[in-house]
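Start at 1 and go down the list; that is how both ligands and their atoms are numbered. Since this is a predicted model, take the numbers as computed values, not measurements. Residue numbers start at 1 and run along the sequence shown.
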Amino acid sequence: MRTRADIEKQQNASLAPFAMRASESRGRPVDDGDPPYRALFQRDRDRIIHCTAFRRLEYKTQVFVSVMEGDHYRNRLTHTMEVTQIARTIARALGLNEDLVEVLALAHDLGHGPFGHSGEDALNEVMQDYGGFNHNIQGLRIVDLFEQSYPDFHGLNLTYETREGFTKNLDPEQRAALGFALGEAPTLEVQLVEHADEIAYDTHDLEDSLVSKTISEEAVRDVAIWRETEEEVCAEYDLLSRDQRLRWRAVVRRLIAKQSGDLIAESEKRIAKRDIHTLRDVRERGKDLINFSADMTERKSALEKFLFKNFYKNPKVRRHTDRWQKRLQDLFLFYRANPNLVPEYVLNHPGLKQELPERIICDYVAGMTDRFAERMWKKFCSSAP
Ligand code: MG
């Protein structure tokens, strides 16, 4: 049998010198022993895959309200799988720690509430006087507090480096308040997952918008990177000019490859230019090492502006999410007035003893899937049968 030490040694031999190594980890909040044949971050990954919040991603909206719009579009779980796949590919190409990148990607959206960004806005609004709501901080609360699988501690007892993934968009004070070192750059693995997320949603949102007929193919040709990529693939394969679905797939595939390739090349350049050789170099002066080239950044930003205006703000997309923004607030207010209807395991959670009642109710509502929120809203807040 290959032991944990063998596996980590083998892993170290293939990692770039600036990658995060298991031996350099700051460890877990509680020492809970060493599994005989799993590397450090592999164990974190297993804990995420087996947790309840991960399974709930299947029934949480990415952009389209999944329970109402059809089964072919992305939900949070399939989005998460796409991010993970893209992130692992890039990590392997750059010699970064693939196990760490995998768990960071699998966990990156765990803190999202039901109904996508509208849900987050709704909860942030009702929580204004009680500290607000942020899906990254919520993700950390889930893995640190709510998930109850072990008799010795609350949460999943993940390593510092996995938990750090949830701090990527927080300001320094928030980071420090959560116990993370101030003034340090995130590992390259954390930086990478953020961009893999962008590559995934930019491309899959384009595909979902076309397939759902929310945006026409003529309209999307206004975006330079789409138009040029379409011309490229059609010049290579005659059939693509005649087969619309295959053409869209080919463009989306090529867009993922182009962005991933650009990210790898540009990041390598930055790492060399800034003379980065070790993890310590990364921590000390490694901010924004993993990134796209200026040209790709410009193209991506045009694409994102287009999606924002024509997809995320489209009445077809907004019709359910807008309605649910209000309904989630109804649910929050209902439970605040009737806390006895919040389940016992949430209300009397041993990790939440110091919390305001509003925070506990927000945690409960944020943990709901779209369909469970819908059921509870119908049961408690709707006069309709
Ligand atoms: Mg995401």
Side-chain angles (χ1 to χ4, degrees), residues 44-45 48-49 51 53-66 69 72-91 96 98 100-124 133-143 158 162-170 186-209 252 255-256 259-260 263 290-292 297 300-301 303-305 307-308 311-313 317 321 324 366-370:
D44 280 1
R45 180 213 47 206
I48 292 294
I49 287 191
C51 81
F54 184 75
R55 289 191 293 280
R56 287 188 188 146
L57 292 174
E58 184 173 4
Y59 300 104
K60 290 195 174 195
T61 286
Q62 179 65 24
V63 174
F64 275 125
V65 174
S66 50
E69 295 285 0
H72 289 186
Y73 307 114
R74 271 75 176 183
N75 58 45
R76 284 243 171 249
L77 182 63
T78 64
H79 160 72
T80 295
M81 304 307 289
E82 291 186 29
V83 175
T84 306
Q85 174 268 121
I86 291 168
R88 285 183 61 184
T89 301
I90 299 170
L96 298 181
E98 208 175 316
L100 177 57
V101 158
E102 186 177 12
V103 62
L104 289 167
L106 288 171
H108 89 281
D109 270 353
L110 279 184
H112 271 289
F115 302 106
H117 287 280
S118 307
E120 181 165 18
D121 292 346
L123 290 173
N124 190 33
F133 176 81
N134 169 300
H135 77 266
N136 281 310
I137 296 177
Q138 192 64 20
L140 201 56
R141 288 177 68 73
I142 290 171
V143 300
L158 302 175
T162 296
R163 297 173 60 251
E164 189 186 9
F166 293 105
T167 69
K168 58 185 183 283
N169 293 316
L170 302 181
T187 59
L188 299 186
E189 285 79 0
V190 167
Q191 297 184 37
L192 161 56
V193 171
E194 190 172 359
H195 295 302
D197 188 22
E198 288 167 29
I199 296 176
Y201 64 66
D202 280 354
T203 51
H204 70 43
D205 288 349
L206 274 176
E207 189 175 19
D208 281 356
S209 69
V252 165
L255 282 176
I256 295 175
Q259 292 180 53
S260 304
L263 190 71
I290 305 289
N291 212 333
F292 300 100
T297 302
K300 274 171 55 60
S301 134
L303 162 62
E304 281 160 14
K305 272 190 200 131
L307 277 173
F308 190 76
F311 189 43
Y312 309 136
K313 292 278 174 205
V317 172
T321 51
W324 277 102
M368 293 179 179
T369 59
D370 295 1

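Sorting the N, O or S atoms of D197 by how far they are from the Mg ion (ligand 1) puts OD1 first. For H79, the N, O or S atom closest to the Mg ion (ligand 1) goes by the atom name NE2.
With the Mg ion (ligand 1) as vertex, H108 NE2 and D109 OD2 subtend 90°, rounded to 10°.
In plain terms, the two heavy atoms of I290 and L188 that are nearest each other are CG1-O, 3.8 Å.
Salt-bridge formation is not detected for the pair E194/K168: no Lys NZ or Arg NE/NH1/NH2 atom is positioned less than 4.0 Å from an Asp or Glu carboxylate oxygen.
In this structure, the side chains of D205 and Y312 come closer than 4.5 Å at one or more pairs of heavy atoms.
To the nearest 0.5 Å, atom CG of residue N75 and atom CD of residue E58 are 6.0 Å apart.
Taking backbone and side-chain atoms together, H112 has no N/O/S atom less than 2.8 Å away from the Mg ion (ligand 1).
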